[in-house]
Every structure is written in C-alpha cells, then in structure tokens.
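Written out below as structure tokens is the structure these notes cover.
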Amino acid sequence: MDLYINIILLALMAITALAILRMTNIFAIVMLFGIFSFLSAVLFVVMDAVDVAFTEAAVGAGISTVLMIATMALIKNQEEKRPLGHRPWLPLLVVFITGAALVYGTLDIPAFGDPNAPAQKHVAPYYLEKSISDTGVPNVVTSVLASYRGFDTLGEVVVVFTAGIAVLILIGGRLTRPTKRRDK
Amino acid sequence: MMDYIIGHYNYWIAIFLMMVGFYIVISRGNLVKKIIGLNIFQVSVFLLYITMSTVKDGAAPIITEGVKLYSNPLPHVLILTAIVVGVATTALALALVIRIKEAYGTIEEDEIHEQDHSL
Amino acid sequence: MKHNLILRVTAKTLIPPIIIFALYVQFHGDFGPGGGFQAGVILSAAIILYSLLFGLDAAEKVITPTVARILASLGVLIYMGVGFATVLLGGNYLDYSVLADTQVAGQHLGILLVELGVGVTVCSVMLLIFFAFAGRGRP
C-alpha cells in the first residue's frame, strides 16, 4: 500500500515540477511551489521521516511561500518574459546528458527499502541501539541532532543566524531614497 | 524486471526533478523563477537522501517497545537541518533580487545584461 | 486583508493553539517528532499570521525588531554557552554528560538547553527576515 502511495505522490511531484517549468505567471509558480513542497512533506511521512516532513511542511510550504509572495509584492511585475536570446536546445542537451549520467549511476545502487544496503550498515545501527542507554531520549533524530552530532547543528544554527544578518544588511533599513544606478 | 523498476523508481524521479530544476535555472531569465528552480533542485536532493534512509517495513526512528526495524535516522538529521538552512539562504537570494530590482528596475537577466553592456 | 471579518475571527482563534503547539513541539521533541528547528518555525508562523491579518505595526508591538535581534544572538549564545559550560566542568566541548550527576540526566539537560537555543534563534531569525521583507514596502 505504501508503495502505491509513494509511486502516485512521486508522479504528482514530477507533474507539478513540469507545470512550474511551463508557467509564466510568477504568482501561479509560487503557489505551485507551495503545492510541490507539501507533496514532498506527505512523501516524507510515507517514507517514515516524520521529523523531516514536519519541518518541510512548516518551512517549505509555509515560510518560503510567504517570503516569495512578499518579494512579489515588492517587485510588482508578475509575468516572466520569453523567449530568451540564446538557443533553447543547448540547455536541454546539457540537462539530458547530466541526467543520463546520473541515471547510469543509479543502475547498481541498492533497491529502494533494501535493509542490507551499505547506508543502513554503517553508523545508524549504533545510534538506534545506544540512544536510550547513552542519552535516554527515545527520538533518535533528536539525540543524533543535539548530542551525537552537536557540532554539526551548532554550525547550522550559525548559518541560519548569518543568513538572517545578511538579509538585514541587504533590505533591513527603510528605503529612504531610491538607489541610483551607478554611472554609465 | 518489475521489481528492479519499482526499486529504482524513487531515484529516477529524484533525478528527473533535479534535472527540471537545473533546466529552469539555466534556461529561464526571470530571477524569481531561477530561485524556484534552485528550490526544486534542493527538494530533489532531500528526496534522494530520504529514499536512501528508508527501510522496507521499518518504523519511524522513535524507539518503541516491540519494534525491531527502524529507518536510518542519520539522513533525517542531515536533511532536517538542510531544510531550515535552505529557507534562510532562499530568503537571502530573494533579498538580493529585491535589491537588484531597486537598482536596475527589472529582474530579467537579459535586460540587466543590456543595461550593463556586457551581453 | 484588514476588512475580512471571517478570516480575522478564525485566525484569532487559531493563533493561541499554534503557539501552544509550538511549545509542545519544542519540549516534547525528545519523545516524539519535533525539536528546536520545527518549534521555532511554527512559533514564527503564528506571529507572521498575526502580522498578515492585523498589519506589520501591530506585530512589531508584540516582538520589536530590536528584541528579535537580541533573541537571535541569544539563541546562538545559549548553544555555545552550553558547550563552554561542559568544558569548564571538565568534559569535552558539547559533551553534556558532565552537566548532571548521571550521564543520562546530563545528556537530557544538555539536549533540552541546546534545543532551546536552536528554537529561539530559528524563531527570531525567521521573524527578522519576514519583518525585513514586509517592512521594505513601507514609505
């Protein structure tokens, strides 16, 4: 049953991505991206990653969409202009070659859900076995996040903090005068 | 054969989404759309990681009595933090777009190049 | 959206449960899905919803940008402070076992404090970013 839900959701995500590619109205694109994030959150629940799904639903479908709409309100033009000057087949060719190389790489990867895959055999069993006796925390994701890999998380928090500062530097103050373009 | 296709379907869709995102980034001139392309690319990477962490018939990695098989918690941790960092960097990119709009009056790549005489 | 009565009334009843849910996610993250990252985002979403309905100025009275800036740095400071506290108590950096008498109690306390730091920083940074974006359009 999980497998069918998985297949259908992935197909829906592919369709949404294609729709985003073909749309020209920026508002519609932003809304479709919200749907895309939400579909991926549902998919993460199906694949047993509840914490990730939680975050994706709150961040991807919530905050990102709000920020993009706020940007659109400031930018004011809603239509993407086309076509571009350069030839359309060149990016298509690049994408096809890259995609073919990546698909070739997946051919000998272990199948989806294989319990004997190398990814399952390295450090994960240690975390699952020792989490209760080491930290007393049943949610292994929390214990790995905050305790076993505390340094990682410290780095991530600092990155979020730095990004916040950078946004404040760029658009933090009120716009007092229209910025002039530099001299020609 | 069918098992093989079902076993690798997730990877192929992740690659397809990655390539759609990549195509949007390199072939479209609108900066907001480019950022959305990057975000699609990002979600495809999340999908790849979570696909690798899934174990068939496994439970979510919250230790409960009577459950033997869990999914791999490590990719969950990596992706969880990556999502929050991703939104922070997206906000930074959008802030840059706003400044570009204020300075050039447009967010189309071609027109920005034209104004710079560098195309 | 200022004149939309139905939205305003529904949102007013929704915001308190959202905040309580954020606190639940923050402090129940050890036992169920959740943690500092999710709680911070949910809490900031509640305030963003408030600001979408009642205007940016009203929201900035709830949390002024200055307070949000101080909180953003405070979260990182709590995280790093826990690390330095463990060093001063004789352990390694971010090795929480020395914080209490037993290893499990120490780890529990350390994880709680660290998640608190993460939640505070994420929430206030999201709010700061939103205030910056929404405030840019003001004359």
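Everything numeric here is computed off the predicted structure, so don't read it as measured data. Below, chain A is the first sequence line, B the second, and so on; all start at residue 1. Just so it is clear, the values below take in all heavy atoms, side chains as well, and ignore hydrogens, waters and symmetry mates.
- A:T153 touches chain C through backbone and side chain together, each having a heavy atom under 4.5 Å away.
- Two rings, from C:F37 and A:F54, have their centers 6.0 Å or more apart.
- For the pair A:T142 (side chain) and C:G29 (backbone), a donor-acceptor distance under 3.5 Å is present.
- With a 6.0 Å radius and a threshold of 12 heavy atoms from other residues, nucleotides or ligands, C:Y93 has its OH atom above the threshold.
- In terms of non-hydrogen atom pairs under 4.5 Å with chain A, the most contact-rich of C:V25, C:V114, C:D95 is C:V25.
- Interface remark: of the candidates A:I165, A:L145, A:V140, A:L145 forms the most heavy-atom pairs closer than 4.5 Å to chain C.
- Heavy-atom pairs under 4.5 Å with chain A were tallied for C:G35, C:A72, C:P65; the largest tally goes to C:A72.
- The minimum heavy-atom distance between A:G172 and C:A132, with the atom names listed, is CA-CB, 4.4 Å.
- Both the backbone and the side chain of C:L128 come within contact range of chain A, each with at least one heavy atom under 4.5 Å from a heavy atom of that chain.
- Heavy atoms from other residues, nucleotides or ligands lying under 6.0 Å from CD1 of C:I6 number 12 at most.
- Highest contact tally toward chain C, considering only A:T135, A:V160, A:V167, is held by A:T135 [criterion: heavy-atom pairs under 4.5 Å].
- When each of A:G164, A:A70, A:S147 is checked for heavy-atom pairs under 4.5 Å with chain C, A:S147 comes out on top.
- Closest non-hydrogen pair, A:L154 versus C:Y79, comes out as N-OH, 3.4 Å.
- For A:V141, no part sits under 4.5 Å from any heavy atom of chain C, backbone or side chain.
- The two residues A:G136 and C:H108 have their closest heavy-atom pair at O-CE1, 3.7 Å.
- Proximity to chain C is limited to the side chain of A:I63, based on heavy atoms less than 4.5 angstrom apart.
- Rounding to the nearest 0.5 angstrom, the gap separating the CZ atom in C:F133 from the CG atom in A:L74 is 8.0 Å.
- With a threshold of 4.5 angstrom between heavy atoms, A:L67 approaches chain C through its backbone and through its side chain.
- For chain A, the option among C:V76, C:L94, C:V104 with the highest count of heavy-atom pairs below 4.5 Å is C:V104.
- Of all the listed residues (A:D51, A:L168, A:V50, A:V52), the one sharing the greatest number of non-hydrogen pairs under 4.5 Å with chain C is A:D51.
- Contact tally against chain C (heavy-atom pairs below 4.5 Å) for A:V66, A:I132, A:D134, A:V158: the top residue is A:D134.
- Between the CZ atom of C:F31 and the CG atom of A:N139 there is a distance of 10.0 Å, given to the nearest 0.5 Å.
- With a 4.5 Å cut-off on non-hydrogen atoms, C:S124 does not touch chain A at all.
- Distance OG/A:S143 to CD/C:Q107: 9.0 Å, rounded to 0.5 Å.
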